[in-house]
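The structure appears right after this line, and notes come after that.
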Amino acid sequence: MKKLTQGLAMAAAVGFAGAAQAAYIGTVANTAPAEPASLIPSNNDYANGNGLGTDFIPTQYYDTTDSVLLSHSLESVSTDPFKLTFTYLGKEAGYTGSFLYEGSEVFNTGTSGLGDTFSAIYTSGLGKLDFGFSSLAWGNPVGSVSNQGTGNLANGYNFSIFEAGEDWFILSLDDNNQVDDNHDDMLVMVKASQVPEPGTLALLGLGLAGIAVRMKGRKKA
């Protein structure tokens, strides 16, 4: 039993190591020359730690000493399929904001719970990811922005990008920078990760089946 378990662990490690890739998503500038990173606004409630656990998730990933990218988009840098996971981090906004992926609403500041997640397998190859934000005020549209265009730095409605790590970014919406240019009106985290290869999953399945047969034989004995 011990040898079987060790063999399964080694086979799984080899399988996953063989499928590893350096990166799946990254940032691309929407202007030339690229706009440099900017300090996070001092009136950003999330960055200041205000409302953590109530308006935002308890974990704070960045503060006002960090910087963000404006006039940039997120893009796929891989031709292989990968998994995208979006997490709703919270909001500080009077408007009702929505986060959309491939044209469908994923999160809503009026109904989503802190930490809610949504995952999808991305198979479209290289290019900008298809997501965006939109907002309503008393039922009327007040703005929208798409990651696939250059409007993430539109007049009065835009989002910034904080790079938390490889394949890991936080998107911070500003739904009315004519009033408060704070980029904390809706926060969404996006992470990209590897999709296990069919061969690796099959190997794991065979290993688990072997353990089951071995255990069944021991019970009979």
Residue K128 excluded, over 12 heavy atoms near NZ under 6.0 Å: yes

Using a 3.5 Å distance criterion without hydrogens, assess whether the side chain of S73 forms a donor-acceptor pair with backbone atoms of N147. yes

dist S119:OG -> K191:NZ (nearest 0.5 Å) comes out at 11.0 Å

Note, L114 side chain near Y88 side chain (heavy atom, < 4.5 Å): yes

Would you say N50 and N48 are linked by a side-chain donor-acceptor pair, where the criterion is simply a distance under 3.5 Å? no

When rounded to the nearest 0.5 angstrom, what distance separates CD1 in I161 from OG in S71? 9.5 Å

From N44 CG over to D184 CG, what is the distance, rounded to the nearest 0.5 angstrom? 4.5 Å

Could you check F86 against F107 for ring-ring contact (aromatic ring centres under 6.0 Å, His included), going step by step and ending with a plain yes or no? CA-CA 9 Å; F86 300 95; F107 304 124; 7.3 Å; no

Do N182 and D174 come close enough that some side-chain heavy atom pair is under 4.5 Å? yes

Side-chain donor/acceptor of D116 to backbone N/O of G113, under 3.5 Å: yes

Whether the side chain of D185 engages the backbone of D175 through a donor-acceptor N/O pair (distance < 3.5 Å, no angle test) should be reported. yes

Do T96 and T109 pair up side chain to side chain, a donor and an acceptor below 3.5 Å, judged on atom types alone? no

Is the ring centre of Y46 less than 6.0 Å from the ring centre of Y62? yes

Can you tell which of L84, V106, L171 makes a side-chain contact (heavy atoms from CB on, under 4.5 Å) with F131? L171

Is the backbone N or O of E92 less than 3.5 Å from a side-chain atom of D55, with the two atoms forming a donor-acceptor pair by type? no

Side-chain donor-acceptor pair under 3.5 Å between E105 and N108, yes or no? yes

Test side-chain contact (heavy atoms from CB on, under 4.5 Å) applied to L173 and Y95, Y157, F99, the passing residue: Y157

Evaluate the ring planes of F159 and F133, with Trp represented by its six-membered ring, and classify them as parallel (under 30°), tilted (30 to 60°) or perpendicular (over 60°). tilted

Value rounded to 0.5 Å, distance of OH in Y61 from CZ in F162: 11.0 Å

